[in-house]
2 protein chains.
Amino acid sequence: MTDSHKMGISERKEREKEQKRSLMLEAAEALILEKGLDNLNMTEVADRAEVSKGSLYQYFESKTDLVLGICNKATGLLTKEIQKVLTQDKPGIELVHMIGSTFMSFVTQHPEYFRAMKFHDNLKETSDLEDSTFLDSCSTNMQSSFTCMVRAIQIGMQDGSINSSYDPKELALILWATSHGMVSMAYQHQNTQHFNLLNELGINLKSLFENFMKMIGCGIATEAQKGNYDSQSFFETNGTN
Amino acid sequence: MTDSHKMGISERKEREKEQKRSLMLEAAEALILEKGLDNLNMTEVADRAEVSKGSLYQYFESKTDLVLGICNKATGLLTKEIQKVLTQDKPGIELVHMIGSTFMSFVTQHPEYFRAMKFHDNLKETSDLEDSTFLDSCSTNMQSSFTCMVRAIQIGMQDGSINSSYDPKELALILWATSHGMVSMAYQHQNTQHFNLLNELGINLKSLFENFMKMIGCGIATEAQKGNYDSQSFFETNGTN
DNA sequence: TCAAAAAATGACCGATAGTCACAAAATGGG
DNA sequence: CCCATTTTGTGACTATCGGTCATTTTTTGA
């Protein structure tokens, strides 16, 4: 038996292992959609993926690790979509808008992914030194998304569409945090059955997001640009492949 | 034995019951501060409060109910502080600033309360018809806080400090959501030991929050007011006490 | 064909939320 | 002050679920 043959085998095994892992993740995602992350049950995940519990634990160290695996997919996907925005030849301020829209539609289209991302955020405050294969990867992905926001702002400051009196990184952080707040509200609105401000006020999400963008636009635009973005809708420019 | 005497007894009992409940809540809060909400253990809460587990469960239906009890205290306190802001005779846009600052300092000063509030948010998406005595009260409190924001905006539109092209309630919702995003970031920064954008970027929270306010100020101010709030710090105007 | 390695399995364990039969304490009329 | 009744307190116990591991099954490769 040749070395290359051996190599072929181990490669195939690696592929199969990755496929099985992926299947298990999909089972977990489906269950999260059905019953919520808080009701996720490892035995059920195993059953759904048609493997035994022991087998599941051969692919994921723990329940935390499993959810972080989903978060890893999520942040990877989101980052890819955001990076694609940056390839477009548009004014910086418009790129910022599009990044926001991308984030928003990502969350509404993949609530279970956003749920996993919230779980990840939560972990960071709670657990003392958890170790998961996916933690680093998640952080790197998020870092990449954030860097895209910084780039968009820098582009905007270069092309004169964004007020350069702000520090780019600081502004990026503000936009990231505020977008997160908006997106969280959208998520909650979509996934909550109980009391909820939006319905009560008769406000629709789309209009809300448009006005958020308008406010941001006014807040960060240069004097020359003010008013340009007042009545445009950026809600449509979502990153649907 | 007179009726009034009987009444006196039952009132005293009610007071004592409320005191004990409060003691249990305090025990839980302390444990959350020490070990995080996710490591909160009912037996430990009982021990800390110097009662038995069974007794604890006479005062709170479930662990969820206990945490919602903390959330109830939290939202009550926050609402009180925000309402106090509104009693001041200031331009509307400044009231908006102060509400934001109040929220921010509330969270940094009472991380365990904010944690309980996040738990409450989480419940709404997860659980199918949980029943807790505190759920309604929490919602009412949050509603009150939100109403304060609407009031501040209406005041600002009246006195000409806030651009009245927005719908007041919609703008309030935007400010609420974005503030929540900023405050969440501050919370995470303060309570996370791991990887964290802020330290890495060498940005300090105070400056970040000031610039958030500046951006908001630009975004919602009337033309006449633009530039007035550019370099002011609203971070200090927190509702201590 | 068969022995060694890898993967799969599910009975089992420990932790913890929640319960309940019983005990202690408080109440109030005589 | 005593005793019956109601209220409150207690901790052993149960059920559930995350995680483990000895054993079985499958795959590998000579």
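Quick note on labels: first sequence line is chain A, next is B, and so on, each numbered from 1.
The distance between the ring centers of A:His180 and A:Phe114 falls below 6.0 angstrom.
If you check the side chains of A:Asn122 and B:Asp38, you find a donor sitting under 3.5 Å from an acceptor.
What separates CD of B:Gln58 from P of C:dT19 is a distance of 12 Å, to the nearest Å. One interatomic measurement links the two molecules: CG of B:Leu56 to P of D:dT10, which rounds to 11 Å at whole-angstrom precision. The separation between B:Glu16 atom CD and C:dA25 atom C1' is 12 Å, rounded to whole Å. Put simply, CG on A:Asp38 is 12 Å from P on D:dG18, counting in whole angstrom units. Remark: P of C:dG10 and CD of A:Glu50 are 13 Å apart, rounded to the nearest angstrom. Here C:dA26 presents its P atom at 16 Å from NZ of B:Lys17, a figure rounded to the nearest Å. For the pair A:Tyr57 OH and D:dC21 P, the computed distance is 13 Å after rounding to whole Å. The CG atom of B:Leu66 sits 15 Å away from the C1' atom of C:dT16 (whole-angstrom rounding).
Of the residues near DNA chain D, A:Asn41 and A:Ser55, the one whose nearest nucleotide (by heavy atom distance) lies more toward the 5' end is A:Asn41. The 5' end of DNA chain C is approached more closely, in terms of each residue's nearest nucleotide, by A:Val51 than by the other of A:Val51 and B:Glu61.
Residue A:Lys20 is in sugar-phosphate contact alone, with no base atom involved, counting any heavy-atom pair closer than 4.0 Å across all strands shown. Contacts of B:Tyr59 with the nucleic acid, taken as non-hydrogen atoms under 4.0 Å apart, involve only primed sugar atoms and P, OP1 or OP2.
Taking the centre and axis of the six-membered ring of B:Tyr59, the NZ or CZ atom of B:Lys17 falls inside the cone set by 45° and 6.0 Å.
By the 4.5 Å heavy-atom criterion applied to side chains, A:Ser145 and A:Trp176 are counted as neighbours.
To the nearest 0.5 Å, atoms CG (A:Leu86) and CG (A:Leu95) are separated by 6.0 Å.
Side chain B:Lys53 to base C:dG18: a donor-acceptor pair is found below 3.5 Å.
With D:dG18, C:dA17, C:dT9 as the choices, the nucleotide that has an atom nearest any side-chain atom of A:Lys63 turns out to be D:dG18.
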